[in-house]
Student: 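Before I ask anything, let me first share the structure, which is written out below as structure tokens.
Letters A, B, ... are given to chains in the order of the sequence lines, protein chains preceding strands, and every chain is numbered from 1. Since the structure is predicted, the reported quantities are computational estimates derived from the model, not experimental observations.
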Amino acid sequence: MPKEGITPRATDYSQWYLDIVRNADLADYAEVVRGCIVFKPTGYALWEAIQRGLDDRIKATGHVNAYFPLLIPKSLLMKEADHVEGFAPEVAEVTRAGGEDLAEPYVIRPTSETIIGYFYAKWVRSWRDLPLLINQWANVMRWELRTRPFLRTTEFLWQEGHTVHADEEDAERETLMILNEVYADFAEKEMAIPVIKGLKTEKEKFAGALRTYALEAMMQDGRALQSGTSHNMGENFARAFNITYTDQNNTVRYACTTSWGVSSRLIGALIMTHSDDEGLVVPPRIAPTQVVVVPIYKSDSEQSTVLEAIERMTGDWKGRLRFRIDDRDNVTPGFKFNEWELKGIPLRVEIGPRDVEKSSVAVARRDIPGKAGKHIVPQDGLTDYLVGLLETIQQGLFDRALRFREEHTRDVTTYAELSEAVEQGFARCYWDGTTEDEQRIQDEMKATIRVIPFDQPDRAGGVCSPVEKRPVRSSLPEPTNPNLYWSGWRPAGIRPKPVHARVRPGRPPSRGLRPPGWHPHRTPEAGQCQRRCECRSR
RNA sequence: CGGGGUGUGGCGCAGCCCGGUAGCGCACCUGCUUUGGGAGCAGGGGGUCGUGGGUUCAAAUCCCUCCGCCCCGACCA
């Protein structure tokens with residue numbers, strides 16, 4: 001039975017998500033700061049758990065943490081041309097401080113490649129300085145047109161790693177290692193979110209990167225959510241920021257850089273992967289609280305008897321279980337059952353006079369909502385039982401999410417099949433590798449290439465292009481990138497919309513609103529276009 | 001930006017057409033009875049009716065202005 005105040009997923013998935021966020025008390029809208037949210041204590045606790053899991057892995061793979069400034073001189077941001085083009089529309093500027101206009105405006109970081117690049121140029125001298133492996137935990141700001149709690153907000157929290165390597169091969173190794181051993185491992189083992197690892201297309205890659213790799217997860221509406229990215233910048237940023245080193249042969253060379261990040265969007269992924277119509281579901285390993293104990297009593301004497309029993313019962317829990325005892329006296333047990341279910345605590349232990357007498361407890365597991373997930377167990381050996389049950393739940397959640405994804409993924413060989421499949425979830429198909437086809441699919445069926453997966457199934461199924469119907473092309477090239485995943489093209493219900501020009505006077509127009517002839521390389525700050533690009537046609 | 005909707009205690013809404021100084025549910029506070037799946041009764045506190053202006057003896061209500069938010073269109077690093 002759905003909880004009060006929660007729209008069932010089948011009715012309106014988007015509203016369901018918002019209801020979960022609100023009812024589980026994860027976040028509040030920062031209504032006075034458009035597009036921002038307040039991470040409330042329960043929501044922030046999830047972020048802290050994510051931070052812990054990632055930070056451990058980042059450090060275990062040889063990185064150290066540091067912190068760079070929030071403000072970036074605008075000229076620095078402008079240095080890498082593709083990067084500028086990618087970010088210009090969503091950057092917020094500080095033009096006035098200390099009571100006067102600044103000689104040069106600052107931008108509030110949308111990401112830190114540029115300011116970190118500036119310092120790396122100073123710090124890197126010799127091949128002995130490499131690799132340089134630094135991570136920072138930070139907030140960033142991107143002026144998004146349409147926001148949703150955790151999934152896309154104007155300000156968000158993330159971790160951004162920035163590394164410098166002697167050559168592209170080493171940078172590539174780093175980029176892939178982070179994706180596999182840090183991000184995917186964390187997502188699957190701790191958050192129980194199955195992910196597809198792969199390469200982004202040219203069209204979808206990070207502005208200024210050579211290659212972008214990403215994790216894609218399937219939400220319960222069948223749509224993809226990008227849940228982590230890792231970029232190999234090659235020499236692009238090193239050239240823009242002059243990050244050079246002297247190699248063993250006394251030759252000065254450009255270094256290669258990488259950057260990689262995951263954000264508080266993961267909280268959104270967590271919600272949309274596991275939760276149900278009863279509320280939030282949090283996998284045990286990531287859960288700030290794993291077990292909640294609800295005492296049941298009528299009289300004062302029963303109350304003290306039960307609370308004493310709880311004291312004894314939880315004596316050896318510390319260090320093995322993260323738990324809390326809900327001894328509030330102003331709400332009924334039934335209310336507590338519903339509330340903790342809503343908040344996604346993996347296990348609930350109920351204990352009343354009858355249990356004290358029989359030395360038992362009632363254990364309810366959140367992954368099976370309602371009374372169906374409740375059973376009576378002896379207090380004897382309870383701690384081991386609970387620890388084991390948490391692991392069972394953890395694995396069960398992962399298996400359930402994986403099964404869901406597999407049930408909503410189809411291999412397709414024709415255009416019609418592709419068109420149908422992307423309505424339900426992911427489709428896997430061949431692609432001839434052209435942006436032209438990619439764009440056409442996007443235009444015609446609102447689907448995007450999420451990723452070219454590392455895991456390539458046997459190609460015995462045949463070679464087909466979903467756009468084989470294209471009339472002009474007589475023979476399709478042998479696909480170089482077979483088996484792509486497509487999905488409902490917009491990430492999990494996010495629909496950007498153009499913003500009124502008045503909102504940010506002087507701001508570069510967002511894509512789609514650019515007047516004819518507009519080009520980022522030709523903004524007043526950048527002067528004439530310095531690059532050999534399509535814009536010279538104008 | 002184009003089209004549509006909406007703004008009233010913390011939240012969700014009614015009242016507006018037909019002007020007379022604001023009401024309901026939830027939440028909150030107090031007390032008593034309750035407590036194994038969202039307790040009951042009684043009492044109580046809380047609102048510049050988005051903003052500015054106009055009409056009127058009198059405006060939540062009628063007229064104009066501006067602002068916010070939501071939905072659809074336009075499609076993302």
Student: For the C1' atoms, the ones on B/rC62 and on B/rU55, what distance do you get once it is rounded to whole angstrom?
Tutor: 8 Å
Student: Answer yes or no: side-chain N or O of A/Lys336 and base N or O of B/rG38 forming a donor-acceptor pair under 3.5 Å.
Tutor: no
Student: In whole angstroms, how far is the C1' atom of B/rG12 from the CG atom of A/Asp19?
Tutor: 12 Å
Student: Quickly work out the A/Tyr297 OH to B/rU34 P distance and round it to whole Å.
Tutor: 14 Å
Student: Would you mind telling me which residue lines up with the more 5' stretch of RNA chain B, A/Pro333 or A/Asn338, judged by nearest nucleotide?
Tutor: A/Pro333
Student: When the P atoms of B/rU8 and B/rC70 are compared, how many Å lie between them, rounded to an integer?
Tutor: 14 Å
Student: Can A/Thr258 and A/Thr175 be counted as having a side-chain donor-acceptor contact under 3.5 angstrom?
Tutor: no
Student: Expressed in whole Å, how much space separates the P atoms belonging to B/rC69 and B/rC64?
Tutor: 23 Å
Student: Provide, to the nearest angstrom, the distance between the CZ atom belonging to A/Phe335 and the P atom belonging to B/rU35.
Tutor: 18 Å
Student: Using purine N1 to pyrimidine N3 plus N6-O4 or O6-N4 for Watson-Crick, or N1-O2 and O6-N3 for G-U wobble, each under 3.5 Å, what pairs with B/rC13?
Tutor: B/rG23
Student: Round to the nearest Å and state the distance from A/Lys205 atom NZ to B/rC76 atom P.
Tutor: 17 Å
Student: Any residue in residues 352-361 of chain A with a heavy atom nearer than 4.0 angstrom to RNA chain B? Just list them by number, or reply none.
Tutor: A/Gly352, A/Pro353, A/Arg354, A/Asp355
Student: Looking at B/rU6, which nucleotide sits across from it as a Watson-Crick or G-U wobble partner, both distances under 3.5 angstrom, or is there none?
Tutor: B/rG68
Student: Distance alone, cut at 3.5 Å: any donor-acceptor contact between the side chains of A/Lys200 and A/Gln226?
Tutor: yes
Student: Under 3.5 Å, is there a donor on one side chain and an acceptor on the other for A/Asp25 and A/Thr42?
Tutor: no
Student: Under 4.5 Å between any side-chain heavy atoms of A/Ile296 and A/Asp355, yes or no?
Tutor: no
Student: If you find the nucleotide of RNA chain B closest to A/Ile351 and the one closest to A/Phe206, which residue's nucleotide is nearer the 5' end?
Tutor: A/Ile351
Student: May I ask you to check whether A/Trp317 and A/Thr383 show a side-chain donor-acceptor distance below 3.5 Å?
Tutor: yes
Student: Suppose you measure atom C1' in B/rG31 against the same atom in B/rG45; what distance do you get, rounded to whole Å?
Tutor: 15 Å
Student: When the P atoms of B/rC49 and B/rA60 are considered, how many whole Å apart are they?
Tutor: 6 Å
Student: Indicate whether any N or O donor in one side chain lies under 3.5 Å from an N or O acceptor in the other, for A/Arg109 and A/Thr114.
Tutor: no
Student: What's the closest nucleotide to the side chain of A/Arg450 if the choices are B/rA39, B/rC76, B/rG36?
Tutor: B/rC76
Student: B/rG37, B/rG36, B/rA39: which one has an atom nearest the side-chain heavy atoms of A/Thr332?
Tutor: B/rA39
Student: Nearest to the side chain of A/Leu342, heavy atoms from C-beta on, is which of B/rG36, B/rG38, B/rC76?
Tutor: B/rG38
Student: Atom CZ of A/Arg22 to atom C1' of B/rC26: distance rounded to whole Å?
Tutor: 12 Å
Student: Mind checking A/Arg328 for me? I need base, sugar-phosphate or nothing, with any heavy atom below 4.0 Å counting as a touch.
Tutor: nothing
Student: Checking A/Phe150 against A/Phe39 for the ring pair (Phe, Tyr, Trp, His ring centres under 6.0 Å) test, could you report, in this order, the C-alpha distance in whole Å, the side-chain angles of both residues, the deciding distance, and whether it holds?
Tutor: CA-CA 9 Å; A/Phe150 300 119; A/Phe39 286 65; 5.3 Å; yes
Student: For a quick check, tell me whether the side chain of A/Glu339 and the base of B/rG38 share a donor-acceptor pair closer than 3.5 Å.
Tutor: no
Student: Can you list every salt bridge (charged side-chain N to carboxylate O under 4.0 Å, His left out) pair that touches residues 334-352 of chain A, not counting sequence neighbours?
Tutor: A/Lys3-A/Glu341, A/Asp326-A/Lys336, A/Arg328-A/Glu339, A/Glu339-A/Lys343, A/Glu341-A/Arg348, A/Arg348-A/Glu350, A/Glu350-A/Lys374
Student: Any chance the side chains of A/Gln136 and A/Ser112 put a donor and an acceptor closer than 3.5 Å?
Tutor: yes
Student: What contact category does A/Gly208 fall into here, base, sugar-phosphate, or nothing, at under 4.0 angstrom with non-hydrogen atoms?
Tutor: nothing
Student: Suppose you measure atom C1' in B/rG38 against the same atom in B/rU51; what distance do you get, rounded to whole Å?
Tutor: 40 Å
Student: Which part of the nucleic acid does A/Ala209 contact within heavy-atom distance under 4.0 Å: base, sugar-phosphate only, or nothing?
Tutor: nothing
Student: Please measure how far the P atom in B/rA27 lies from the corresponding atom in B/rG20, and state the result in whole Å.
Tutor: 32 Å
Student: Walk me through whether A/Arg405 and A/Glu216 qualify under salt bridge (charged side-chain N to carboxylate O under 4.0 Å, His left out).
Tutor: CA-CA 11 Å; A/Arg405 190 185 79 195; A/Glu216 293 286 342; over 6 Å; no
Student: Paired with B/rA42 by Watson-Crick or G-U wobble geometry, both distances under 3.5 Å: which nucleotide is it?
Tutor: B/rU30
Student: What is the distance, rounded to the nearest whole Å, between atom CD of A/Glu350 and atom P of B/rU35?
Tutor: 16 Å
Student: In whole Å, what is the span from the NZ atom of A/Lys298 to the P atom of B/rA39?
Tutor: 14 Å
Student: Which value, in whole Å, describes the distance between the P atoms of nucleotides B/rU61 and B/rU65?
Tutor: 15 Å
Student: Determine which nucleotide pairs with B/rU56, using a 3.5 Å limit on both distances of a Watson-Crick or G-U wobble pair.
Tutor: none
Student: Identify the nucleotide, in any strand shown, that forms a Watson-Crick or G-U wobble pair with B/rG36, with both distances under 3.5 Å; if there is none, say none.
Tutor: none
Student: Would you mind reading off the distance between A/Asp25 atom CG and B/rG10 atom C1', rounded to a whole angstrom?
Tutor: 13 Å
Student: What nucleotide, of B/rG37, B/rC76, B/rU35, holds the atom closest to the side chain of A/Thr448?
Tutor: B/rC76
